[in-house]
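Everything on this sheet refers to the single structure shown next.
Hydrogens, waters and symmetry mates play no part in the numbers below; they use all other heavy atoms, side chains included. Computed from a prediction, not measured in an experiment: that's the story for all the values here.
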Amino acid sequence: PPPLFQAEDGIRDLSLSLVGSEMCIRDRCIMPRRAPVCQEASLGCAAATPLPSTPFRPVPSDEECNRSPGCMPSGHPQSTFVNYRVPFNKPGIIGRELHYMAETVAAGQTAGEGRFVRACEKLLEDRFDAERVLLTTSCTSALEMAAILCDLQPGDEVILPSYTFVSTANAFFLQGAKLVFVDIRPDTLNLDESLIEAAVTDRTRVVAPVHYAGVSTAMRDVEAVAQRHDLIVVEDAAQSVDATYEGRYSGTLGDFGCYSFHETKNFICGEGGALVVRDPAIVARAECVREDGTNRRLFERGEIDRYEWTDRGSSYLLPELLAAYLYAQLENMDRISERRREIYHRYREGLESLEHRGDIRLPIIPDDCVTNYHMFYLLAESEPVRAALIDHLKERGILSVFHYVSLHASPVGQSLGYRKGMLPVTESICDRLLRLPMYFDLTDSDVDEVIAGIQSFYGLSGSTGP
């Protein structure tokens, strides 16, 4: 889509002056507001301070890290990025993010539902052919909203995978639901649709598939089971924004869909999410839940003369300031997706020889799915091999990370009666999966360096990249 707001003549995308500030930002440079470059259309970094880069420093050992406040052990997804030449993730500025954020400050609205919130929602609704999209503070918030809208009673059951982030489970757990964990498929790592029917009881109310790594669950089968047993389908599509299944977008296939715009996702705003609502009859209530359980939206539209507390809810609305950043990302969805596709295939081509040798396994994408290239991972032979590979890459200044720890084997899972050994595929994947760096600004040489590091670990050397 065309830019929502046009900059003044002579001002480029990342060139903005923050109203009332002593500093201005131009073309990734920070400088005193009085500097001539802040007043002129011609740009440059003369008399300016470049934005901080990411220097490489020796990575501290876990022992050293444990003694240092704020340092996280190796393997942790949020471990300090400045310690790595090739970090696991790096949030990027793709287009007009800083300009739009400055506009919200200048306009005097950084919170609430402003023009950028509405613009993001409209863009997503149009692109995904969704009935209603509501921006939220996170995917966790979207899942909690969906759980409230399901009207669960204590003891009602929710079927979901154990291989997921805790938010998927917590959203329903907070409503008093009983969690019924089901194993995943060994190919896509998604909820095994063939096991859902056997898990259904007369107390089952919801099935919550998680679309892992931008690859959709087999939703035709999920929907069939849901229709037979009158179940609500809540999609955790945190990792699958802009991915499709049989030509339909993830997040629009169930009764509710939940997206994430966390800084590690494809399209970002630091922390953010969205709830997709399929039934137009539920939209007004969903808006109420998002506004602390009040009918404030009706008041602001002039439909009532005051707003009141009418339902359960919380403060789930994404701030306008973050929506401004997000809109600039959504304007560039195709550009972002194309770069991630290039990175994904460069990894695959560089690592296929190791898969052919049987050293690793690479991602599998079914024919009925189109991925959004959210993640590139490999499956090592065992947990000790994976740990050794993480350390090997770390020594080369590369941060790779494992992912979920199975929920059924967690302390809470065990308090619910689950034990290790009950979901063997989930446990195997948790022990062996390794995520590789993936972000928009990752260069081809960075990717080749990661590939070379993995090849050297397995005793293979040679050219990398396509």
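Donor-acceptor pairing under 3.5 Å is recorded for the side chains of S428 and R432. Donor-acceptor pairing under 3.5 Å is recorded for the side chains of D236 and T168. Side chains of D292 and T294: no donor on one and acceptor on the other come within 3.5 Å. Checked by atom type, the side-chain pair E349/H345 shows no donor-acceptor distance below 3.5 Å. With no hydrogens or angles considered, no side-chain donor-acceptor pair links T136 and S141 at under 3.5 Å. With hydrogens and angles left out, the side-chain atoms of Q329 and R335 include no donor and acceptor closer than 3.5 Å. When only modelled atom types and interatomic distance are considered, H262 and T264 share a side-chain donor-acceptor pair under 3.5 Å.
T137 has its side chain out of reach of E271: every pair of non-hydrogen atoms, C-beta onward, lies at least 4.5 Å apart. Two residues are said to be in side-chain contact when any heavy atoms from C-beta on lie closer than 4.5 Å; V225 and V207 fail this criterion. M438 is not listed as a side-chain neighbour of N89, based on a closest heavy-atom distance of 4.5 Å or more. Under the 4.5 Å side-chain criterion, counting only non-hydrogen atoms from C-beta, L434 is not in contact with V401. In this structure, R361 and L378 have side chains that are not in contact, with every pair of non-hydrogen atoms separated by 4.5 Å or more. Proximity of R132 to I282: side-chain heavy atoms (C-beta onward) are nowhere separated by under 4.5 Å. Residues L317 and E113 meet the side-chain proximity criterion, which asks for heavy atoms closer than 4.5 Å. In this structure, I184 and N190 have side chains that are not in contact, with every pair of non-hydrogen atoms separated by 4.5 Å or more.
Of the possible polar contacts, one joining the R278 side chain to the L253 backbone as a donor-acceptor pair under 3.5 Å is found. Distance alone, capped at 3.5 Å, places no donor-acceptor pair between the R290 side chain and the R285 backbone. Within the 3.5 Å criterion, the main-chain N or O of V277 finds no donor-acceptor partner in the side chain of E131. Without hydrogens or angle criteria, S415 side chain to V412 main chain gives a donor-acceptor distance under 3.5 Å. In terms of modelled atom types and a separation under 3.5 Å, the side chain of E157 and the main chain of K178 share no donor-acceptor contact. When atom types are taken as modelled, the side chain of Q175 and the backbone of I148 share no donor-acceptor pair closer than 3.5 angstrom.
The side chain to side chain donor-acceptor pair (under 3.5 Å) analysis of residues 369-390, with sequence neighbours excluded, yields the pairs N266-H374. For the side chain to side chain donor-acceptor pair (under 3.5 Å) condition, the pairs that include at least one residue of residues 218-229, sequence neighbours left out, are E197-R228, E197-H229, R220-E246, E223-R248. Residue pairs meeting the ring pair (Phe, Tyr, Trp, His ring centres under 6.0 Å) criterion with at least one member in residues 121-162, sequence neighbours excluded, are F128-Y249, F128-Y259. A side chain to side chain donor-acceptor pair (under 3.5 Å) check over residues 314-325, counting only residues at least two apart or in different chains, returns the pairs E144-Y316. Sorted by first and then second residue, the pairs that involve residues 277-312 and meet ring pair (Phe, Tyr, Trp, His ring centres under 6.0 Å), not counting sequence neighbours, are F299-Y307. Counting only residues at least two apart or in different chains, ring pair (Phe, Tyr, Trp, His ring centres under 6.0 Å) contacts with residues 145-187 comprise Y163-Y212, Y163-Y404, F181-Y418.
Considering every non-hydrogen atom in both F402 and R435, the closest pair reads O-CD, 4.5 Å. Closest non-hydrogen pair, I268 versus G92, comes out as CD1-N, 3.9 Å. Heavy-atom minimum distance, V158 versus A208: CG1-CB, 4.4 Å. Of all the heavy atoms in E427 and G421, the pair that sits closest is OE2-N, 2.7 Å. Contact between L442 and V447 at its shortest, heavy atoms only, is CD2-CG2, 3.6 Å. The minimum heavy-atom distance between V234 and C258, with the atom names listed, is CG1-SG, 4.2 Å.
Ring pair Y327/Y100 is tilted by interplanar angle, where 30° to 60° counts as tilted.
With sequence neighbours excluded, the residues satisfying salt bridge (Lys or Arg N to Asp or Glu O under 4.0 Å) with E342 are R339. Residues passing the side chain to side chain donor-acceptor pair (under 3.5 Å) test with T244, sequence neighbours excluded: none. Remark: D431 pairs with no residue by the salt bridge (Lys or Arg N to Asp or Glu O under 4.0 Å) rule, at least two apart or across chains. In terms of the side chain to side chain donor-acceptor pair (under 3.5 Å) criterion, residue partners of K122 (sequence neighbours excluded) are, by chain and number, D126. In terms of the salt bridge (Lys or Arg N to Asp or Glu O under 4.0 Å) criterion, R348 has no residue partners (sequence neighbours excluded). Applying the side chain to side chain donor-acceptor pair (under 3.5 Å) rule to T217 yields the partners H211; only residues at least two apart in sequence or on another chain are considered.
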Requested in this report: Determine, stepwise, if the pair F88 / L436 fulfils side-chain contact (heavy atoms from CB on, under 4.5 Å).
Outcome: CA-CA 7 Å; F88 170 68; L436 304 184; over 6 Å; no
Query raised in the report: Do L407 and V166 pass the side-chain contact (heavy atoms from CB on, under 4.5 Å) test, and can you show the C-alpha distance, the side-chain angles, and the key distance before you say yes or no?
Result: CA-CA 7 Å; L407 296 183; V166 67; 4.2 Å; yes
Query raised in the report: Taking it one step at a time, do D446 and T443 satisfy side chain to side chain donor-acceptor pair (under 3.5 Å)?
Result: CA-CA 5 Å; D446 291 334; T443 67; 3.0 Å; yes
**Report entry** Intermediate values then yes/no, side chain to side chain donor-acceptor pair (under 3.5 Å), E352 and H356
**Finding:** CA-CA 6 Å; E352 277 181 334; H356 294 156; 5.3 Å; no
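Within a 6.0 Å radius of CZ in R419, other residues, nucleotides and ligands contribute more than 12 heavy atoms.
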